[in-house]
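Both counts, for ligands and for their atoms, begin at 1 and track the order of listing. No hydrogens, no waters, no symmetry mates; every other heavy atom, side chains included, goes into these values.
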Amino acid sequence: MLNTFQQADHPILPKATADEAARQEFTKSFKGFIQSSLLPGLTPIYQTRVARRFEKEHGHAPQDRRDIRTGMVDDIYFQHYAAANRIAQELLWESVGVSIDRQLPELIARAKELSAATSAQLVMPEGFEPPRYVTALDIHCMPGGYCSEVCSDDVSVGALYDRGVYLYSMGYTGPNNDDMGRSVVNYIKRHMPDFRPRRILDMGCTVGHSTLPYKELFPDAEVWGIDVGGPCVRYAHARAAGFGLEVNFAQMNAEATTFPDEHFDLVVSHILLHETSGKAMPRIFAEAHRVLAPGGLMIHADLPPFDLMDPFTQFILDNETWYNNEPFWGAMRDMDQIALAEKAGFDRADVRFDTAPMAVMEFAAAAEGYSQEASEAVAERDFTAGEFAPGGGWEVLIARKPLARKIAA
Ligand SMILES: C[S@@+](CC[C@H](N)C(=O)[O-])C[C@H]1O[C@@H](n2cnc3c(N)ncnc32)[C@H](O)[C@@H]1O
């Protein structure tokens, strides 16, 4: 597979030996092969044999993604596709995990050094309890999830996420894995050029991939990334310091933060919501509303809700729920997020969905700072369902908090 971008090095990125790098590249290419060569075969398989067989057995054509799944799970082609996908996913984490285990003491020492050299805050409350929907399973098959700590000052799952997500996205989230943050920032720049947030909160920041572009665009703003994963925020704090950016991080639950009312002008999240739960999501919206100043913006970037896509695309995406340890993936996409935002206190008229074009596509089109080969590879890429950003854009839910509460007549 053609490499798009190589991951940009930074002081706390785990270093791979030649053998480790070869294995990691293999998992990335394997994933690429599945997506470019096996995934496209699902459509003709469905149309030519599965839909017909389903109709014969059930007396009606498949109506929705559940019917499509019922038909597809018995099909040998689909079974091979799904199994290969799962194997690639497990292999990619494993290829990084081995490398991290080998150098964990150095990574911890480097994180401490970098963190000590910045004046940005790192807040890690004693006895913090992450929610069960995060700790109960290894989300997207990532060993240890976001919260596991194997020793004091552990950063291993942060390092695992940093390198693993680069392979997971096959480089399409850019050299710093920051495409989501960068895409939302570009969207804000384009659509709200006068917006100057004084304080910015990134909920569910993991290792701060998406958080840092906000500091780059709004250098005078106080930027906070929060996450329930201790090793993730520890790593995030050191990583930001390694990039020379003063960004604050805290181990904190987005359902109930410790920030004062009306503290932020911009509250964002990037692929957080689908990793929470049906009870947590309304609380996160309510918390975003509480900490937003009047006139402030809440922006959640994720993949689109199911009602914006056809049943076959829904079926493809919902494979994440079934085969990638993402229990809330499908359920979240069925929720009425606009109604949830309204319930949290936003006015319906001030809530909408839009698409933030992927920043990597824009870079590629402009051939900014990337090789000709990489630029062409991305510019020609037509992202489809089953990949991470269908159509080449992130779906953003945008809600503005009213400047002043309307007084009931
Ligand atoms: C897919 S990752 C987000 C990736 C990150 N936003 C980025 O752009 O790179 C989801 C993150 O949300 C965190 N998370 C889940 N529930 C949370 C909550 N209630 N409060 C804060 N963080 C949460 C997880 O620990 C995990 O790090």
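Residue M252 has at least one heavy-atom neighbour below 4.0 Å for each of these atoms of ligand 1: 20 (N), 21 (C). Ligand 1 places these atoms under 4.0 Å from at least one heavy atom of T206: 2 (S), 3 (C), 4 (C), 5 (C), 10 (C), 11 (C), 26 (C), 27 (O). For ligand 1, the atoms lying closer than 4.0 Å to a non-hydrogen atom of Y161 are 1 (C), 2 (S), 4 (C). Interface of N253 with ligand 1, defined as ligand atoms under 4.0 Å from a residue heavy atom, comprises 18 (C), 19 (N), 20 (N). Numbered from 1 in the order shown, with element, the atoms of ligand 1 that lie under 4.0 Å from a heavy atom of A254 read 18 (C), 19 (N), 20 (N), 21 (C). Close approach of ligand 1 to T276 (heavy-atom distance below 4.0 Å) involves ligand atoms 16 (N).
Counting heavy atoms closer than 4.0 Å to ligand 1, residue M180 contributes side-chain atoms (C-beta onward) but none from N, CA, C or O. Contacts between C205 and ligand 1, counted as non-hydrogen atom pairs separated by less than 4.0 Å, involve the backbone only. Heavy atoms of V134 found under 4.0 angstrom from ligand 1 belong exclusively to the side chain. Residue contacts with ligand 1, taken as heavy atom pairs separated by less than 4.0 Å, involve V228 via backbone and side-chain atoms alike.
Under a 4.0 Å heavy-atom criterion, E275 is in contact with ligand 1.
When the heavy-atom distances from atom 6 (N) of ligand 1 to G229, G204, A250, S210 are ranked, the shortest goes to G204.
Nearest non-hydrogen protein atom to atom 13 (C) of ligand 1 is D227 OD2, 3.2 Å. With hydrogens left out, the protein atom closest to atom 12 (O) of ligand 1 is L272 CD1, 3.3 Å, a heavy atom. At the shortest separation from atom 9 (O) of ligand 1 among protein heavy atoms lies H209 CB, 3.6 Å.
Contact of the E20 side chain with the R102 side chain is registered, since non-hydrogen atoms from C-beta on lie closer than 4.5 Å.
By the 3.5 Å distance cut-off applied to N or O atoms, H270 is counted among the residues near ligand 1.
Using cut-offs of 30° and 60° for the angle between ring planes, the H289 and F346 rings count as perpendicular. Aromatic ring orientation, W329 versus F306: tilted (interplanar angle from 30° to 60°).
A donor-acceptor pair shorter than 3.5 Å can be found between the side chains of D354 and Y187.
The existence of a salt bridge linking D162 and R239 is confirmed by a sub-4.0 Å separation between a basic side-chain nitrogen and an acidic carboxylate oxygen. A salt bridge is defined here as a Lys NZ or Arg NE, NH1 or NH2 lying under 4.0 Å from an Asp or Glu carboxylate O, and K28 with E25 meets this definition. Taking the charged nitrogens against the carboxylate oxygens, E94 and R23 do have a contact shorter than 4.0 Å, which makes a salt bridge.
Side chain of R110 to main chain of P11: a donor-acceptor pair is present (N/O by atom type, distance under 3.5 Å, no hydrogens or angles).
Evaluation of the salt bridge (Lys or Arg N to Asp or Glu O under 4.0 Å) test over residues 289-308, restricted to residues two or more places apart or in two chains, returns D261-R290, E287-R290, D302-R333.
Rounding to the nearest 0.5 Å gives a distance of 12.5 Å between CZ of R69 and CG of D64.
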